[in-house]
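Okay, structure first, notes after.
Every number for a ligand or one of its atoms is a count from 1 in the order of the listing. When reading the values below, keep in mind they use all heavy atoms of this one structure, side chains included, and skip hydrogens, waters and symmetry mates. The shown structure was predicted, so the numbers you read here are calculated from the model rather than taken from an experiment.
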Amino acid sequence: MRLILLGPPGAGKGTQALRLVAKYGLVQLSTGDMLRAAVKAGTPIGRQVKEIMAGGGLCPDDIVVKIVADRIEQPDARKGFILDGFPRTVPQAQALDRMLKQRGIALDAVIELRVDEGALLKRIETRAAEMAARGEPLRADDNAEALRQRLEAYRAQTAPLIDYYRKQNVLRTVNGMAPIPEVTAAIDNALPPEPASLRAGAAGSKKNDHVSQ
Ligand code: ADP
């Protein structure tokens, strides 16, 4: 299964990705986590994106696309993956379409977590307080000004992907304001019964036995 989780910062993408990982044995590919790891390790890419991320802006498409392309090549991603935080711009979505096409694979669903904007600031404040209580270092972008920038970037550059994927008939919208287990259940219901690669007519799919091939 190959999924994208789409939604503004604080929508619950990371939380739901972890639940999907546990349930379906997919790998979670979070570009935010990968970029933060690069910053922490002080790699050339990390040095390039450190300031951008701290300010809440988007990193250059070419950098992020390269990171994802390398990551989905890894053997553990072959069975399926959940993209969390990518794509975030139309050019990234187009690059992803090309990558998938080259590999002969398709997206099973793009799950949009729809949340009311008023709740986001509160959620991010709660996340920051919980991390501080656990003694974890705060994210450089968990402050009011960076959050404003992140929301602005979402509205201007990421929200257009909702239409982009609606046109591809893969968009599934879920109410992200419900309690966590209910959101998980709604995502389960929204997922197609079997991966697109099987629906396309691959052998061994019992559910497709009645379909003439
Ligand atoms: P959030 O909690 O806001 O959803 P993430 O952890 O997904 O945040 O990402 C944090 C930051 O990492 C973003 O604000 C941006 O600077 C950078 N980033 C992550 N993914 C991408 C991407 N696909 N394109 C550009 N920048 C990205």
Side-chain angles (χ1 to χ4, degrees), residues 2-18 20-21 27-41 43 45-72 77 81-100 107 110-117 119-132 136-162 164-165 174 176 180 183:
R2 290 165 192 101
L3 305 176
I4 293 177
L5 288 175
L6 195 61
K13 299 185 296 289
T15 304
Q16 296 302 331
L18 289 180
L20 290 161
V21 164
V27 289
Q28 176 193 9
L29 308 185
S30 157
T31 43
D33 287 349
M34 293 183 228
L35 291 164
R36 274 187 290 278
V39 170
K40 192 158 176 232
T43 64
I45 284 182
R47 287 198 296 275
Q48 209 177 324
V49 300
K50 185 173 182 197
E51 295 304 317
I52 301 175
M53 289 180 73
L58 290 187
C59 306
D61 287 337
D62 56 343
I63 290 185
V64 187
V65 166
K66 169 89 172 66
I67 289 183
V68 173
D70 289 347
R71 188 61 187 85
I72 64 175
F81 50 75
I82 306 169
L83 289 167
D84 157 14
F86 179 91
R88 250 179 166 93
T89 64
V90 170
Q92 289 181 16
Q94 290 166 337
L96 177 65
D97 280 347
R98 286 193 296 272
M99 272 182 238
L100 296 177
L107 287 172
V110 176
I111 308 286
E112 179 206 356
L113 291 176
R114 190 168 290 172
V115 286
D116 124 9
E117 277 212 7
L120 297 176
L121 185 58
K122 180 94 196 64
R123 283 189 178 186
I124 295 198
E125 280 169 353
T126 306
R127 174 167 79 190
E130 286 170 357
M131 287 176 75
E136 291 167 18
L138 278 192
R139 278 173 49 166
D141 60 354
D142 269 347
N143 59 70
E145 176 52 25
L147 177 64
R148 207 185 55 73
Q149 288 296 335
R150 283 152 67 197
L151 280 173
E152 188 51 43
Y154 180 80
R155 275 188 221 112
Q157 291 176 269
T158 310
L161 295 181
I162 293 171
Y164 182 91
Y165 286 117
V174 161
I180 292 172
V183 178

**Item:** Heavy-atom pair with the smallest gap, counting every atom of A128 and L138
**Value:** O-CD2, 3.3 Å
**Complete:** Closest non-hydrogen atoms of A93 and Y165, given as atom of the first, atom of the second and distance, are CB-OH, 3.5 Å
**Message:** Show the nearest heavy-atom pair for residues I4 and P87, with the distance to one decimal.
**Reply:** CD1-CD, 3.6 Å
**Asked** Hey, are the side chains of D141 and M53 touching, using non-hydrogen atoms and a 4.5 Å cut-off?
**Response** no
**Complete:** Close residues (non-hydrogen atom under 4.0 angstrom from ligand 1) work out to P9, K13, T31, G32, L35, R36, M53, G57, L58, C59, V64, G85, F86, R88, Q92, R127, R139, D141, R150
**Message:** Does anything in residues 28-39 form a salt bridge (charged side-chain N to carboxylate O under 4.0 Å, His left out)? List the pairs, not counting sequence neighbours.
**Reply:** D33-R36
**Complete:** Rounded to the nearest 0.5 Å, the CD atom of Q16 sits from the CG atom of L5 at a distance of 8.0 Å
